[in-house]
Amino acid sequence: MKPTLVKGTRDFGPEQMSKRLFIFDTIRATFKRFGFLPLETPSMENLSTLMGKYGDEGDQLLFKILNSGDFAGSLAPEQLAAGSKAMLPKIAEKGLRYDLTVPFARYVVMSRHALTLPFKRYQMQPVWRADRPQKGRYREFYQCDADVVGTDSLLCEAEIVLMVHEVMRNLGIENFALKVNNRKILTGIAEFIDAPGMEGALAVAIDKLDKIGQDKVLDELRERGFSDSSITALLPMFTMQGSTNEVLEKLKNWLTTSETAQRGIAEIEEMLALVGQYGLENPKLELDVTLARGLSYYTGAIFEVKALGVSIGSISGGGRYDNLTSAFGTSERLSGVGISFGVDRIYDVMEELNLFPEGAGQGTQVLVVPFEESGRHVGLPLLASLRGAGIAAELYPDLSKVKKMLDYANAKRIPFVVLIGSEEVQTGQLAVKNMVTGEQQKMSADAIAAFVQAG
RNA sequence: GUGUCUGUAGCUUAGGUGGUUAAAGCACUCGCCUGUGGCGCGAGAGAUCACCGGUUCGAGUCCGGUCAGACACCCCA
């Protein structure tokens with residue numbers, strides 16, 4: 001049989017991995033700089049932890065794990081006949097995590113006694129979704145999350161804005177848009193147009209404005225049960241364009257009677273003020289009232305980052321959630337806010353825009369090539385000194401043809417090769433070859449480390 | 001869950017309207033060159049044409065099905 005990959009999963013070869021690690025390292029460095037501490041949680045969670053947190057669609061997309069042993073043994077014929085949905089609780093009680101936020105909330109609730117609030121954690125692990133794969137969408141992908149729980153302070157929202165900017169700049173993605181909105185504004189709009197509690201449906205529909213246009217959005221709203229008067233009242237919504245400050249003014253004047261909306265507007269204003277006080281220059285912030293995001297648990301700020309010039313979904317998203325821990329039975333109100341970076345999409349964006357720095361795929365710096373046994377006696381101490389100087393170096397393990405060994409260096413894109421034949425052994429002057437320029441010169445072994453480091 | 005497209009060497013692909021031993025580039029192995037790669041020249045190895053069935057004297061090519069993948073919708077990082 002010939003092996004295949006599970007649909008929607010990938011192998012990452014050395015070249016890809018060094019690029020991926022560049023992304024992970026960059027994001028981790030920012031998270032640490034902002035005072036977040038690392039956390040890992042298991043790949044598997046109880047389905048009772050996961051189900052019901054992501055909406056019906058999300059429940060559908062959860063990978064469920066069959067119980068060990070004779071998982072169907074206790075099923076009665078009538079339970080079998082009732083269909084897969086009905087028997088699910090009997091045959092599967094675990095599932096793969098769908099995101100990092102819900103496991104984090106579960107962790108916070110379970111470890112509440114040991115945590116000092118506000119608690120800031122970062123987490124970089126794979127998540128799984130039983131989605132149909134397509135461009136920029138995988139069934140297994142990594143998220144890098146940073147969340148704060150235990151404070152309502154809008155400083156946290158401001159810090160997310162700052163972190164997004166820092167990460168994007170350090171990755172080299174200069175051309176991006178950080179879209180922000182506030183769930184309270186959406187909720188306020190729903191109240192204002194006399195469709196209270198329907199902000200979910202409202203959000204899903206207007207989120208598509210960019211894609212399908214105003215008319216189709218209105219059609220969809222009708223289908224979702226919005227009355228004509230509600231839809232008429234909603235029309236000013238589509239004029240909410242312009243600079244962030246302009247939109248804020250328009251919203252204020254439009255939603256005068258909605259206290260909820262005004263609170264959402266005030267939150268955005270305060271967040272912006274804090275970002276300004278920090279000193280972030282030219283923030284790439286856009287208030288987008290149509291930004292909704294599917295996840296049902298957001299209650300305040302909503303974030304989404306899009307790379308411009310690439311047709312791929314958002315590369316990062318997040319927001320504030322007030323009630324996630326209460327789903328696990330805590331009476332204490334713990335508000336959280338966080339951001340999630342999608343490593344795999346960031347990779348695709350950087351690859352497409354050619355943004356990986358030259359050294360991102362760089363492995364071995366020096367290949368030591370002995371022509372014969374005696375060359376090893378010189379090569380091994382050299383290897384030790386190079387490594388001691390922090391230079392990635394390897395010795396070609398076999399005594400084979402020079403061509404073959406140089407081909408190896410080319411294949412691994414090793415920039416320097418040290419050739420050691422009988423002449424070099426005798427004189428102590430080793431041949432150092434720059435594989436990019438082809439230049440070759442002789443020098444003593446202890447000069448090589450400095451020569452290589454000089455480039 | 002719905003739809004569209006695509007499956008030919010390790011990779012990328014060529015193979016109008018069916019017709020003998022399925023073609024090329026890259027990669028690989030060997031040689032030109034027993035101490036020098038990326039360029040060149042020569043040779044070699046490598047394919048049950050995704051799978052199963054049908055039409056036909058004859059199928060990589062046409063038809064049906066299966067499987068796999070990509071893309072789009074829904075939704076999402």
Side-chain angles (χ1 to χ4, degrees), chain A residues 1-10 13 23 27 54-62 97-101 124-145 200 203-205 207-208 211-212 216 220 291-296 303-307 311-319 338-349 367 369-372 374-375 396 399-426 430-442:
Chain A
M1 65 148 243
K2 57 176 169 222
T4 56
L5 287 172
V6 170
K7 185 200 274 288
T9 66
R10 287 97 18 96
I23 298 173
I27 295 173
Y54 311 103
D56 290 346
E57 192 90 25
D59 286 354
Q60 210 70 29
L61 295 179
L62 283 169
R97 78 166 92 78
Y98 179 91
D99 72 357
L100 301 179
T101 309
M124 316 206 305
Q125 291 188 273
V127 301
W128 294 269
R129 296 183 189 177
D131 226 351
R132 216 177 253 224
Q134 54 183 280
K135 187 176 183 190
R137 176 177 300 186
Y138 308 100
R139 283 183 156 182
E140 177 183 62
F141 58 99
Y142 275 75
Q143 293 192 327
C144 299
D145 280 34
V204 172
D207 196 27
K208 296 179 196 163
K211 264 188 188 168
I212 61 177
K216 293 239 170 102
E220 183 157 341
L291 175 64
R293 314 211 74 250
L295 291 181
S296 43
F303 300 100
E304 183 168 291
V305 181
K306 291 200 119 168
S311 66
I312 203 163
S314 56
I315 55 176
S316 177
I339 186 77
S340 176
F341 290 93
V343 173
D344 303 79
R345 283 187 178 175
I346 290 174
Y347 182 100
D348 290 345
V349 165
L367 177 69
V369 169
F371 293 165
E372 49 214 72
S374 66
Y396 196 85
L399 298 173
S400 45
K401 295 191 173 162
V402 177
K403 170 175 162 48
K404 184 162 180 156
M405 297 192 277
L406 292 178
D407 281 343
Y408 176 82
N410 280 327
K412 284 187 77 171
R413 295 212 206 130
I414 300 172
F416 293 99
V417 171
V418 178
L419 301 152
I420 309 174
S422 54
E423 186 191 321
E424 284 79 4
V425 172
Q426 275 180 359
L430 310 184
V432 179
K433 187 178 185 72
N434 181 321
M435 294 298 284
V436 181
T437 63
E439 285 166 23
Q440 186 170 324
Q441 52 187 293
K442 297 220 165 177

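A note on names: the letters A, B, ... follow the listed sequences, proteins ahead of strands, and every chain is numbered from 1.
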Side chain of [X], heavy atoms from C-beta onward: which of [options] has the nearest atom to it?
| X | options | result |
| --- | --- | --- |
| A:K404 | B:U29, B:C74, B:G37 | B:U29 |
| A:F371 | B:C75, B:U36, B:G69 | B:U36 |
| A:N410 | B:U36, B:C76, B:G38 | B:G38 |
| A:R132 | B:G37, B:C75, B:U2 | B:U2 |

### Task
Identify whether a stacking contact exists between A:F141 and B:A77, where the ring centres must be under 5.5 Å apart and the planes under 30° apart.
yes

### Summary
Contact string for nucleotides 6-11 of chain B, one letter per nucleotide 5' to 3', B = base within protein heavy-atom range under 4.0 Å, S = sugar-phosphate only, - = neither, reads ------

### Summary
With sequence neighbours left out, the residues meeting side-chain contact (heavy atoms from CB on, under 4.5 Å) with A:V425 are A:S374, A:V378, A:I420

Distance test, side-chain N/O of [X] to OP1/OP2 of [N], below 4.0 Å:
| X | N | answer |
| --- | --- | --- |
| A:K401 | B:C30 | no |
| A:Q134 | B:A70 | no |
| A:K403 | B:C33 | no |

Using a cut-off of 4.0 Å on non-hydrogen atoms, how would the nucleic acid contact of [X] be classed: base, sugar-phosphate, or nothing?
| X | result |
| --- | --- |
| A:L419 | base |
| A:E372 | nothing |
| A:M405 | nothing |

### Query
Between A:G8 and A:G421, which is nearer to the 5' end of RNA chain B once each is assigned its nearest nucleotide?
A:G421

#### Entry: Ranges pairing with ranges for RNA chain B, where each run has three or more Watson-Crick or G-U pairs under 3.5 Å
B:1-7 with B:67-73, B:10-13 with B:23-26, B:28-32 with B:40-44, B:50-54 with B:62-66

### Query
Between B:G18 and B:C49, how far is it from one C1' atom to the other, in whole Å?
15 Å

### P gap between B:U4 and B:A45, integer Å
44 Å

### Query
How many angstroms lie between CD in A:E423 and NZ in A:K442, if you round to the nearest 0.5 Å?
3.5 Å

